[in-house]
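Here the structure is laid out as structure tokens; the discussion comes afterwards.
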Amino acid sequence: MEAMVTPSRTPFSPFLSSQLKPIPKPNLHLHSPIPSPPPKDAAASSASAFTLQQTKEIHSHIIRTQFRPTNILPAQSSPQAQLNFLITSYIKNNTPSAALKLYAHMRETAASPDNFTVPSVLKACAQLSSLRHGMEIHGFVIKAGFPWDVFVNNSLMQMYSDCGSLVFATKLFDEMPDRDVVSWSTMIRSYAWCKLFDEAIELVREMLLSGIRPSEVAIINMLNLFADVGEFTKGRPVHTYLIKNSARESPSVNVTTALIDMYVKCGSISAARRVFDRMEEKSTASWAAMIAGFIRCRDMGTAMELLIEMRHNHVFPNEITMLSLVIECGSIGNLELGKWLHAYILRNGFRMSVALGTALVDMYCKCRDLRSAREMFDLMDGKDIAVWTAMIAGYAHTNCIKEAFDLFTQMKDANIKPNEITMVNLLSLCSETGALDRGRWIHACIDKQGIEMDVVLTTSLVDMYAKCGDINAAYAVFTQTTDRDVCMWNAMINGLAMNGYGEETINLFMEMEKVGVRPNNVTFIGVLRACSHSGLVEEGKQFFSFMEHDYGLVPKVEHYGCMVDLLGRAGHLDEAHELIRRMPNEPNVIIWGALLAACKVHKNPKLGELAAKELLKIEPHNSGYNILLSNIYAIDRRWSEVAEVRKSMKDTGIKKMPGMTAIEVNGVVHVFVMGDASHPQSKKIQAMLSEMQEKLKRAGHVADTSGVYLNIDEEEKETVLNYHSEKLAMAFGLISTPPRTPIRIVKNLRVLNKPQLLTPEL
DNA sequence: TAATGAAGGT
């Protein structure tokens with residue numbers, strides 16, 4: 001690997017290189033201090049599950065009082081038992097890193113972890129996919145000399161499997177003196193998780209042979225698993241087993257429901273229907289699974305019919321049924337059915353719980369009907385953080401900056417404290433729109449409000465800083481945390497790649513390997529992109545081959561896209577074309593677009609024409625591709641063909657989409673299109689543009705007009721260049737910021753391709 | 001048990 005990246009050194013910014021500190025060594029003993037206690041006493045009582053806030057309060061109380069009895073936990077509980085309880089509570093509240101910190105604290109004090117602690121903290125490791133922490137705990141178990149315990153052993157297997165180390169899990173399984181049904185299920189699950197279905201099925205067979213009867217839970221787990229991986233044929237043996245066994249005892253309603261769910265998720269609605277029709281007794285859940293199946297395959301008529309039929313059979317949908325159907329509907333984005341369900345809910349007098357209301361708001365957002373979402377939202381009473389967040393997420397995903405931040409302000413006025421999820425949504429909005437100042441502000445809010453920095457939130461921060469161009473801030477956030485999962489590495493790797501740090505990207509990739517985080521498809525996109533932008537052709541080819549042969553990751557069309565880009569940028573156009581012809585997947589617009597872009601740069605109209613025509617085959621009405629084709633003709637000065645394309649565009653009503661550029665000044669995002677005179681400060685901008693042009697001319701700059709493919713004379717072309725949206729944004733930036741302020745403009749192609757997003761309905 | 005969240009190719 002080392003040898004591979006050395007050959008052609010790419011020039012990279014010495015500035016960043018000096019900034020990039022080595023990744024801190026993993027802190028094996030987790031010495032991080034326990035967070036300082038909030039000044040509240042633990043007043044909450046009764047509930048069996050505590051909220052995160054309550055957990056933290058109890059935590060600080062226990063630490064403060066040296067395990068004196070509280071009014072919440074049983075007074076006679078040992079320190080171990082109390083801490084175990086807190087660890088479990090942190091995990092239930094989805095804050096595994098807090099659980100691990102608490103465990104580290106136990107190790108330092110007299111309250112030594114016992115075999116109730118270990119399975120809990122292993123679960124936390126699994127949630128964080130932190131193999132390193134998991135192994136540390138395994139080491140502790142061995143050193144502490146616990147008596148062998150099947151429960152602990154199963155937890156270890158589970159942890160290894162969730163952290164991607166099937167080898168260790170298998171080793172533990174093979175060496176177990178005594179296996180229970182959970183051990184088998186865990187191992188089967190692990191194999192199936194790695195898509196080793198044949199091995200998983202073989203293990204099912206072995207389990208049955210060894211006389212272990214799968215428990216009902218084990219069968220349901222298996223079915224859920226096959227459902228998750230969407231492998232239909234592989235699930236069959238479980239079905240066969242059930243049928244064979246049904247002579248003795250018929251499967252329970254829960255098992256059959258899981259079976260229906262599996263068939264539905266594997267895309268076989270007819271098999272699901274057959275099982276469903278044969279059921280003697282159907283529960284609410286069975287009906288719900290069946291109806292969700294018809295929603296999923298967009299057969300709304302049958303879905304509605306079944307919902308009505310269900311009531312004739314005296315099985316009544318409950319709030320949960322409706323909840324799951326609304327969620328399903330949102331995930332396929334079917335507005336019509338969503339509205340029908342909403343009406344159905346109102347007509348039939350279901351209790352409109354906050355959860356159901358939230359699901360409806362979310363459904364409308366996912367169907368891009370923000371107006372209805374907002375209506376529902378405004379109607380709701382007792383709004384909690386989830387609804388506010390769902391609504392903010394709706395605005396965030398449609399790039400409605402103003403609405404999202406306005407709502408955020410209103411939420412705080414209503415005394416609702418934002419949580420990690422709220423912040424993640426706002427940050428992703430900042431990333432998409434390049435709003436660095438707002439992003440920094442959100443970062444400050446997170447610190448000020450003491451919001452838990454979990455993996456997802458940290459990843460969002462890294463991503464925001466990287467996409468907004470502040471790579472040093474991204475790196476600072478990245479290095480400040482020790483629990484990094486593959487997504488966080490990917491955010492940093494792709495961030496470096498995106499900002500042009502080819503060599504650093506590759507180094508970081510190797511660092512990731514070293515600490516034992518397994519790269520995935522997305523990781524390789526970043527690495528290949530880095531090679532592409534830095535002209536590391538040979539390295540890129542090697543990584544491409546590595547990913548398949550050394551990591552067992554089948555390159556997807558995305559990776560081919562990177563490779564076409566890599567080869568194309570380097571001018572190896574024919575090789576790129578050859579790769580497209582050889583690829584097993586159907587080339588899409590990205591692939592042909594990459595080839596076309598390369599043909600433009602390297603002036604190969606012949607291949608470019610081919611690519612443009614392929615693009616138009618896929619999307620005949622895309623104005624962008626029509627423009628590109630006409631530009632290709634223009635390179636060859638084939639003006640009559642240029643005119644033809646333009647005429648056919650005009651005839652079919654295709655309009656050229658305006659290029660747009662955004663700039664953030666004092667927290668406000670200004671968007672410019674080409675020749676835009678609508679800005680209030682337009683006059684000043686024009687004056688600044690003239691000044692810029694004068695200065696450039698005096699400095700001897702000659703505009704490169706070869707990229708403007710209109711049949712007009714050179715002087716006019718220059719005018720067109722001068723009114724580009726980028727220049728307008730740049731000029732605006734110059735007049736509205738103090739001298740020497742860095743100016744950051746954003747051209748977001750994704751925004752460009754979705755013009756409707758910039759003109760929200762509201 | 002069932003409502004809100006992260007990484008990606010021109």
Side-chain angles (χ1 to χ4, degrees), chain A residues 49 92 94 284-285 288 292 318-328 330 352-363 365-366 377 380 383-394 396-397 418-428 431 454-464 466-467 478 484-495 497-498 519-529 532-533 555-566 568-569 587-601 611 615 624-625 628 749-750 752-753:
Chain A
K92 275 190 191 146
N94 206 15
T284 310
N318 56 23
E319 191 200 317
I320 307 284
T321 320
M322 298 322 292
L323 191 59
S324 71
L325 296 185
V326 170
I327 294 167
E328 188 70 38
M352 184 62 78
S353 65
V354 182
L356 188 50
T358 307
L360 283 165
V361 168
D362 185 52
M363 180 275 294
C365 288
K366 293 213 165 91
F377 174 83
M380 284 174 68
K383 289 193 269 280
D384 63 5
I385 182 62
V387 209
W388 284 93
T389 302
M391 195 62 232
I392 290 173
H397 285 137
N419 66 11
E420 311 87 75
I421 305 176
T422 325
M423 295 322 216
V424 164
N425 277 293
L426 289 170
L427 284 172
S428 88
S431 316
D454 64 17
V455 232
V456 179
L457 185 54
T458 313
T459 304
S460 300
L461 270 173
V462 170
D463 182 58
M464 183 278 293
K467 288 223 179 87
F478 179 76
R484 306 190 189 102
D485 69 356
V486 63
C487 286
M488 200 187 297
W489 283 95
N490 287 348
M492 194 64 233
I493 284 179
N494 274 293
M498 182 191 311
N520 65 11
N521 279 313
V522 181
T523 321
F524 278 97
I525 288 173
V527 173
L528 293 175
R529 260 174 106 189
S532 173
H533 292 308
K556 299 208 281 189
V557 68
E558 292 92 325
H559 302 97
Y560 281 96
C562 294
M563 285 311 286
V564 170
D565 185 50
L566 172 81
R569 271 176 205 259
N588 62 9
V589 290
I590 306 280
I591 301 280
W592 291 116
L595 184 65
L596 178 57
C599 289
K600 253 176 85 180
V601 174
L615 283 169
Y625 304 145
L628 287 168
L749 281 175
R750 270 172 293 185
L752 278 181
N753 286 334

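The chains referred to below are lettered A, B, ... by the order of the sequence lines, with proteins before strands, and numbering in each begins at 1. If you're wondering where the values come from, they're calculated on a predicted model, not measured in any experiment.
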- Any side-chain donor paired with an acceptor under 3.5 Å for Thr523(A) and Asn520(A)? yes

- Query: Using a cut-off of 4.0 Å on non-hydrogen atoms, how would the nucleic acid contact of Asp384(A) be classed: base, sugar-phosphate, or nothing?
  - Reply: base

- Task: Answer with yes or no whether Asp485(A) presents, from its side chain, a donor or acceptor under 3.5 Å of a partner atom in the base of dA7(B).
- Result: no

- Task: Provide, to the nearest angstrom, the distance between the CG atom belonging to Leu461(A) and the P atom belonging to dA7(B).
- Result: 12 Å

- Message: Can you measure Lys383(A) atom NZ to dA3(B) atom P for me and round it to whole angstrom units?
- Response: 20 Å

- Message: Is the phosphate of dT4(B) approached by His397(A) (side-chain N or O, under 4.0 Å from OP1 or OP2)?
- Response: no

- Rounded to the Å, how far apart are Asn520(A) CG and dG9(B) P? 13 Å

- Message: Taking only side-chain N and O atoms of Lys467(A), does any of them lie within less than 4.0 angstrom of OP1 or OP2 on dG8(B)?
- Response: yes

- If we ignore angles and hydrogens, is there a donor and acceptor under 3.5 Å between the side chains of Thr321(A) and Asn318(A)? yes

- Query: From dG5(B), dA7(B), dG9(B), pick the nucleotide closest to the side chain of Glu558(A)?
  - Reply: dG9(B)

- Closest to side chain of Val456(A), choosing from dT4(B), dG5(B), dA7(B): dG5(B)

- Taken to the nearest whole Å, NE2/His559(A) to P/dG9(B) is 10 Å

- Shortest non-hydrogen separation from Asp463(A) to Ser431(A) and the atoms involved: OD2-OG, 3.5 Å

- Task: Mark yes or no for a side-chain to base donor-acceptor pair under 3.5 Å between Asp454(A) and dG5(B), with no hydrogen or angle criteria applied.
- Result: yes

- Nearest heavy-atom approach of Leu457(A) to Asp454(A) is N-OD1, 2.9 Å

- What one should report as the nearest heavy-atom pair of Phe377(A) and Lys383(A) is O-NZ, 3.1 Å

- Closest heavy-atom pair and its distance - Val564(A), Ala594(A): CG1-CB, 3.9 Å

- Would you indicate what Ile327(A) reaches in the nucleic acid, counting non-hydrogen atoms under 4.0 angstrom: base, sugar-phosphate, or nothing? sugar-phosphate

- Query: Expressed in angstrom and rounded to an integer, what is the separation of Leu427(A) atom CG from dA7(B) atom P?
  - Reply: 10 Å

- Task: Go through dA6(B), dA7(B), dT10(B) for me and flag the one nearest to the Asn490(A) side chain.
- Result: dA7(B)

- Item | Atom pair distance, as rounded to whole Å: CD1 in Ile493(A) and C1' in dG9(B) | 16 Å

- Message: Under 4.0 Å, counting only non-hydrogen atoms across every strand here, what does Val326(A) touch: a base, just sugar-phosphate, or nothing?
- Response: nothing

- Identify whether any heavy atom of Ala393(A) sits under 4.0 Å from a base atom; if not, whether one sits that close to sugar-phosphate; answer base, sugar-phosphate or nothing. nothing

- Message: I need the minimum non-hydrogen distance between Val387(A) and Val354(A), along with the two atoms involved.
- Response: CG2-CG1, 3.8 Å

- Query: Within the modelled atom types, does a donor on one side and an acceptor on the other bring the side chain of Ser460(A) and the base of dA6(B) under 3.5 Å apart?
  - Reply: no

- Item | Closest nucleotide among dA3(B), dT10(B), dG8(B) to the Val354(A) side chain | dA3(B)

- Message: I want to verify a distance call: between dT10(B), dA3(B), dT4(B), whose nearest atom is closest to the Thr389(A) side chain?
- Response: dT4(B)

- Expressed in angstrom and rounded to an integer, what is the separation of Leu595(A) atom CG from dG9(B) atom P? 18 Å

- Among dT4(B), dG9(B), dA6(B), the one nearest any side-chain atom of Ile421(A) is dT4(B)

- Query: Is there a donor and acceptor pair, one atom on the side chain of Glu420(A) and one on the base of dG5(B), closer than 3.5 Å?
  - Reply: no

- Query: Among the nucleotides dT10(B), dT4(B), dG8(B), which one has an atom lying closest to any side-chain atom of Asn419(A)?
  - Reply: dT4(B)

- Message: From the set dA6(B), dA7(B), dA2(B), return the single nucleotide nearest to any side-chain atom of Ile320(A).
- Response: dA2(B)

- Value in whole Å for how far the C1' atom of dG5(B) lies from CD1 of Ile392(A): 13 Å

- Note on the structure: Against the side chain of Asp463(A), the closest entry in dA7(B), dG9(B), dT10(B) is dA7(B)

- Look at the side chain of Arg569(A) and decide which nucleotide, out of dG9(B), dT4(B), dT10(B), has an atom nearest to it. dT10(B)

- Is Ala594(A) touching bases, backbone alone, or none of the nucleic acid, heavy atoms closer than 4.0 Å? sugar-phosphate

